[in-house]
Structure formats: C-alpha cells, structure tokens
Amino acid sequence: MTEDGISYFGIRHHGPGSAESLVKALQELQPAAVLIEGPVDASPLLPLLASPEMKPPVALLCYPEDDPAATSFWPFAEFSPEYQAALWAVANKAALRFIDLPSAARLAERAPEGSTDAEPAEAEPVEEQGEEATRIQDPIGTLARAAGYEDGESWWSDIIEQNPAPGPIFAAIADAMTTLRDGEGAIGKFEAMREAHMRLEIAAARKEFDGPLAVVCGAWHVPALRAAHTQKSDQGLLKGMARRKTMMTFAPWTGPRLALGYGYGAGVVAPGWCKHLWQTRGQGDSSILWLARIASVLRAKGHMISTASLIEAERLARTLAAIRERPKPGFEELRDASISALFNGEALLWKMVEAELLLGADVGEIPPDTPLAPLIDDLQRNQKAARLKPEALERELSIDLRSESGLFRSTLLHRLNVLGVSWGKLTDTGRSRGTFRERWVLAWQPEYAVRLVENLVYGPTIEKAANGRLVQMIGVAATLDTLATLVQSAITAALSEASAAGLVALEEKAAHSSECLELLASVPLADIIRYGEARKTETERLAGLLERLIVEGSIALPYAARDLDAQAAAALMGALRKADEAIRLVEPGADVVDAWRNGLAAVLESSRSTALVAGSAAHLLYEAGRLSAEGAADLLAKRLSPGTPVIEAAAFFEGFFSGAGQRLIYDEGLRGAVDAWLASLDEEAFVAHLPLLRRVFSNLDSMERRRLIEAVLGRRASLPTGLTPAPDGGEAWRRHFGLLGRLLAGEPSHG
C-alpha cells in the first residue's frame, strides 16, 4: 500500500507466496531504496546475502562484544521475503537497509531463556504484562477463525501465499491488520520502541532518496508504520535506549530450524514444503511435482511406487481440498492422500519420509570473505581441512586413526564435544574392530554456532577454546572419577595444556582419596593407554597413575563392599566389572594384578560383604582362573544352599551370572549347583524370584538358550515331540527338563 511515495509490504516471515508477490511488486514499483525490518546496525552486512557464494538457509548473528553468550539470530531462507528483497535491491542497484532497533537494544530485551531467535513472528507477538494492555496473541489466527478456518497457517496459505495478485493482496493485508489493531489497547513498550525506530528510519530515508521507497516488514507492523506520529514523540520513546557494542556476522542455518516445531516463533510448519513451492513456481502444478518427489524419496528407500498409485493420490488430494474448501491441495491433503494411496493407509510408513520431505536437510553456506566470529571461522577452516561437510540429517562416519586424515577428523570432533558442540556422537570406540577405529554419527544443528560464540571467552580457535574450557572444568572438578573423565577427554582431543593440568589434579586428588567407588571409576583410564599408540600420546605417566589407582582401589574394596543397599551394591558391581575389564586391557605388572585379585578374594571371604558384590567378585575370580570350576561349583552349592536366606542367595546368583549366563552351557558342575538350588525353593520363593532369574538369562540369544536347554536335558537333541508343560508342573515335565530347563523354557509355576 503506497502513501507519500512509500509502499508498505506486510509479509509473513518465510512465506514463499509472500516472497513471490513481493518480488513482483518490487519489479513493478522500482524503488530507489528497500527498507527491511531488521537490526539497523547490521545494514552493512545486508548486501552479502546477494553473494553468489551465500547459500541459504543462513542467519544473521549478533552478540555483545563483552558477552558472546548473549546471542541473537535473524534467519533467512531461500523463500524468505526479506532475503528475496535483498537480492532484488542488489541486482537493481537500489539502496538496501535495515530499519529496526539496533541489535544492542534487542539484546537488552532478551527473549525467554532457551530461545535461539530474537525476532517474533507477526503471528506470535511477545506478550507484555503489567500496566500495559496485553496485545493480541495471534492476529493471523484471529483472521483465520473469522473466515471459518481452524488455524492461521491454512488461512494464510490459501488466501495470501497462493494468491497471484500482489497489489491487492498487500493492500488487503494492511486493511485487515488495521482493523485488528484498532480494536486493541496500548502495545508493550519494547514493541512501541521498535515501531518508533522504524518510523524514524523511514522518514530519514524519505529525505535522503528521490524516488519511491519500499518498506518490507511483518504484516502486524504495517498499520503502525503508516500512522502519523511526530518525530519528537518517536524520539521520546527511544530516549535512554541501551547502547552496547555488538559484533555481527552470518552463520549457517538448517532447514529444520525454520520450523515452528523446533521452537522458532517466526517459523513455518513445513519448511521443505515452502522451499518446494518457491522452487517450482511457474513450473506447473506444484501438487503433482510434490507427489513425484515423494515417489523419488520412497523409491530411493527401496519401495515400489507405481504410476497408477501416484495418479490416484493426486486425484484424492484434489478431492480432499474440495471437501475442505481449499483452493488447491496443500501439503496436508497431499500427505493424507499419500498415506491412503501409496502407503495402504499405514501412517507409520509416512513417518519414515516425513522429516526428509517436510523439514528438509539443508545446511546453509556463507562466503569465505564474510567477517566471522573467530571460532566459527576456525571451525570452517577445520571442516575444509577434514573434508567434512555439515549436514542436517544423521550420517555415519567410520574413522581409521592410523591415517593422518582420520586422526585429524577424530581430534576435531572430540575437541568440539569438549565445547558442547556435539556435531559428532561417538557410537563405537573401536573395541569390535581393534584400537584404531572409531564410528561416529554426524548431524549439524544451527545452535552449535551459538555455542561456539559462547566459548569465545576461552580462546579464539577450536584448540585454544577447548583447552581453556577443560582447564576451567578440571579446576572445579569435585570427584576423582569426574577428573578422570576430563583427563580422558583432554588426551583424546590432543589438548596438551588441559592434559597436563588434569594429570596434576588427578594425582593430587588420588593421593587424598580413599573412596573405593571413585578409585574404581577412574580405572577405565586404561582406554587412553590402549589408544596411546594410535593417538601418539605419551602414556608412561598415566600408566603409573593407573597402577596406583588399581592398588588403592583394591585395598579399599573389601571395606566398600560391606552392608550396602540395593542401589549402592549395583553401582559397585558395575564399577567392579568395568575396572576388571580395564585391567585386562592394559595388562599391568603382576604385583598390581595380584593386588586386584586379592581384593576380590577378600570381598568373597568376608561375611559382611553384600551378596550381590560378593557374587560378582566370585565370577571375576572364576574368569581369571583364581577359582577353579570345582571350587566355583562348591561355592555356589554353599551360597545357594537351603540354609542361606533366599534373598541373599538370589543376590549372589545374580552377581555371579549377570551377563555370564552362557557359562552354564559348558560347565556341568555349575549347572548342577544352580538346578539343586532351584529345586530347594518352595513355590512362593520360586515365583517371587522368577523375574530376577529370568533377567540373569535375558542376555542369552535363542541359539544359546536352546543349547543350554539341551545341556540340561543331558543330550544334544531336540525336545521330545509333543512334550508340553503339564498344567500342574507334573513329574514327567520335571523329569525331562529339571527346574533350570523349566526356567529357560518359560514355565511360570514351581509346582
């Protein structure tokens, strides 16, 4: 709508229809300057959006120089009207400016904690409380309900986004918003400041430029920007506005983070659908092209999709649109039609492709000459050196640490994890493929750029920032096991400063610690020694510290195992298993191993040791050969004898066999001791402990379970044909199977 040479274009942020209508309107108007809602101090960066190397989605990033953690974003997609307005202005040599409050003022009015976007949608204005009247919460939703729609998204799509007439549409939007705002009271102070600032900027541009001006802003603001206000009153609203030096740059964004479902207030429901509408404009029926894309994605996943099914889906989508009184099918109708015609009504199959289609996997790129925050700049250099391209959807990466490129990639990913940038998540430390391999799952999220900016306080490069952050964490670590984890992170990420500081702190803490669980939780530092050759790490000092921890933990173990409750006993049992595994990995000196085994033996011999921990100690001694098969059978017979309380016997049984039930396949003495104990239980005790007993054997696969049943039967043969459990657990079943066999086969009663 034009007034005094100024045309106001009220748009929906990230609306493809708004973007298309806006480009047509600008082409017709040929303005001398394009003024866009956005932080005025970021205007010098606006032309960068038109760089050939700028590939949206991207976001303008603003943060105070003295507080990088207080960061705000303004995202741009290919289909964002503001982005297209910037492209048009640069291509047509029109002046290009932002006109909203400077970023420092925005940062003073921080969005709610956890928000990564400082720009509220015109459909979701910020609520102000107190003396000021509460402004309307959902203007587009209000218009939609007045028109008989259930939600604003569908109404805006039908009436605005898919309307080919740009001029009347912008005028109609302005009139509708004027009507809505006329019925409202005073708006919040911050929103009033924003609109006052934009009016002043528009007035200044009116004096500066000869020719028409184009103002591109959220539809909600159009009535206020057109309204008559004196310059003095607007300046009065801005008096005392926060002044703070800020830094600004562009950062890569992702398609999914443009979605409302990801907490972005100005987002759209389906960014992938919006991108499709923008890219297929003028190419024919967007519905047919969308169905073709669905078919392409499904076929790539191995599903057979016939042309006849696609035709049926297209007809059904049009019918649904007619029933719902929509001008043409939207993504909802195409989704419902696809589920019916392509997925045989199985909505779960649609879920397999929904994210890829509706959200997309785009990750933006920014030009190399963009002024960047130091850590973001360093990350991009490292990504290029590692030949790792950020992608929004998950992908697997296998790394061979023996190659320089593999070691470089691994080190980069580990350093980023130290900074809280979990671009890669380690899923396999290489135990199944030797010590020289790692398996990662990579998925880039735009908030990682925020975290990099937050970490600027620790250093300007990935390496220095990771060193600085770890050194700080080491300085405040309260427990030995926490310190051990931090040292492991430092050495794995090749952070020399943090490694040195961590080892000093670890040695000092170990000298004053007598807490067994802490000591044992530190023993898995053996992984560092194991990977030392692959990572070219000096491990002699760490090996000496590890041996010291093992010996001290062994001495403390018999006392730590006494009189524990269930939770503490389970924690200590887990620590025992991990510590024993670590000791077997690094193979320390014989005296260290002897100290560990003596500690386990002391736990087993003490009458005060908690049964669960004693059972686990017995199992580890048995695996190490310190307890013979005959000795283990005698021990089980004693510990599971009728004179032992059932609760203690069951706990010892669980500690001994948890994760090791397959031992019974080959060890007849152990099987006999277990079966005799089961036979000694009365029915009530058997039923009460059945869940625990089943849990012990739950790690056996079907083949191992079958082999154990055959071993219990006393022969390697199939079960007798037609043999089924008697309802009363009769003697025939007991004779053929034994109680251990019944347990494995699933017979619930003791009989």
Side-chain angles (χ1 to χ4, degrees), residues 6-9 11 13 19 22-23 26 29 31-54 56-65 71-77 80-109 117-120 190 193-218 221 225 231 234-235 238 241-251 253 266 364 366-367 369-373:
I6 305 172
S7 295
Y8 297 90
F9 300 105
I11 51 88
H13 301 301
L22 178 62
V23 171
L26 292 175
L29 181 65
V34 177
L35 311 179
I36 300 174
E37 178 187 337
V40 67
D41 51 336
S43 292
L45 294 180
L46 259 177
L48 281 173
L49 288 173
S51 169
E53 295 174 293
M54 181 75 79
V58 296
L60 177 66
L61 179 155
C62 300
Y63 57 94
E65 193 175 47
T71 306
S72 294
F73 277 101
W74 283 261
F76 298 89
S80 300
E82 299 92 334
Y83 174 73
Q84 291 300 325
L87 295 187
W88 187 93
V90 172
N92 291 274
K93 297 181 172 55
L96 179 61
R97 292 180 182 174
F98 278 139
I99 58 173
D100 205 344
L101 286 172
S103 57
R106 169 69 69 184
L107 294 166
E109 291 282 334
D117 176 65
E119 178 64 13
F190 183 68
M193 290 175 61
R194 292 184 61 204
E195 292 175 345
H197 192 278
M198 287 192 274
R199 284 192 296 268
L200 290 173
E201 290 293 319
I202 293 169
R206 175 70 285 175
K207 295 178 181 179
E208 181 179 353
F209 298 104
D210 294 325
L213 301 181
V215 177
V216 180
C217 62
H221 298 298
L225 300 188
Q231 184 176 9
D234 281 342
Q235 289 173 340
L238 300 176
M241 184 173 62
R243 302 290 179 185
R244 200 173 180 186
K245 188 173 182 181
T246 57
M247 305 293 291
M248 286 162 287
T249 184
F250 282 104
W253 204 251
I366 54 180
D369 57 346
T370 303
L372 296 177

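All residue numbers in this chain count up from 1 along the given sequence.
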Notebook entry, point to check: Any donor-acceptor pair under 3.5 Å linking the side chain of Thr370 with the backbone of Pro367?
Noted result: yes
Notebook entry, point to check: Rounded to the nearest 0.5 Å, how far does CZ of Phe73 lie from SG of Cys62?
Noted result: 9.5 Å
Notebook entry, point to check: Under the 3.5 angstrom rule, does the side chain of Ser51 hit a backbone N or O of Glu53 as a donor-acceptor pair?
Noted result: yes
Next item on the list: Indicate the atoms forming the closest heavy-atom contact of Pro31 with Ala94, along with that distance.
Entry: O-CB, 3.6 Å
Check: Quick one: CH2 on Trp88 to CG on Leu29, what's the gap to the nearest 0.5 Å?
Finding: 7.0 Å
Notebook entry, point to check: Backbone N or O of Phe98 within a donor-acceptor pair of the Ser43 side chain at under 3.5 Å?
Noted result: yes
Next item on the list: Compare every heavy atom of Phe250 with every heavy atom of Leu45, then report the nearest pair and how far apart it is.
Entry: O-CE1, 3.3 Å
Note to self: Quick check: closest heavy atoms across Pro47 and Leu96, and the distance to 0.1 Å?
What the structure shows: N-CD2, 4.2 Å
Margin query: Testing the basics here: between Gln84 and Ala19, what is the closest heavy-atom pair and its distance to 0.1 Å?
Written below: CG-CB, 4.1 Å
Next item on the list: Using side chain to side chain contact (heavy atoms under 4.5 Å, CB included) as the criterion, point out the one residue from Ile36, Val34, Ile202 that pairs with Val215.
Entry: Ile202
Notebook entry, point to check: Side chains of Leu200 and Leu238: closer than 4.5 Å at any heavy-atom pair?
Noted result: yes
Note to self: Donor-acceptor pair, distance only, cut-off 3.5 Å: does the side chain of Asp100 make one with the backbone of Pro39?
What the structure shows: no
Checklist line | Heavy-atom donor-acceptor pair, His197 side chain to Ile99 backbone, under 3.5 Å | finding: yes
Next item on the list: Would you indicate whether the side-chain heavy atoms of Ile11 and Cys217 approach each other to under 4.5 Å?
Entry: no
Next item on the list: Quick one: closest heavy-atom pair of Met248 and Asp41, and the distance?
Entry: CE-O, 3.3 Å
Check: Do Trp253 and Phe76 have their ring centres less than 6.0 Å from each other?
Finding: no
Margin query: Could you check whether Arg206 pairs with Glu201 (Lys NZ or Arg NE/NH1/NH2 to Asp/Glu carboxylate O, under 4.0 Å)?
Written below: no
Margin query: I need the Leu49 CG to Leu87 CG distance, nearest 0.5 Å.
Written below: 7.0 Å
Margin query: Please report the interatomic distance NE2(His221) to CD(Glu37), rounded to the nearest 0.5 Å.
Written below: 4.0 Å
Notebook entry, point to check: Crowded around Gln231 CD? As in, over 12 foreign heavy atoms under 6.0 Å?
Noted result: no
Next item on the list: Find the distance between OH (Tyr8) and CG (Leu213) and round it off to the nearest 0.5 Å.
Entry: 8.5 Å
Margin query: Counting C-beta onward and ignoring hydrogens, is there a side-chain heavy-atom pair between Met193 and Leu101 closer than 4.5 Å?
Written below: yes
Next item on the list: To the nearest 0.5 angstrom, please state how far the CE atom of Met198 sits from the CG atom of Asp234.
Entry: 11.0 Å
Check: How close do Asp210 and Ala32 get, heavy atom to heavy atom, and via which atoms?
Finding: O-CB, 3.5 Å
Checklist line | Min side-chain heavy-atom separation Val216-Leu22 under 4.5 Å | finding: yes
Margin query: Could you go through Leu48 and Met54, starting from their C-alpha distance and side-chain angles, then the distance that decides it, and tell me whether this counts as side chain to side chain contact (heavy atoms under 4.5 Å, CB included)?
Written below: CA-CA 7 Å; Leu48 281 173; Met54 181 75 79; 4.1 Å; yes
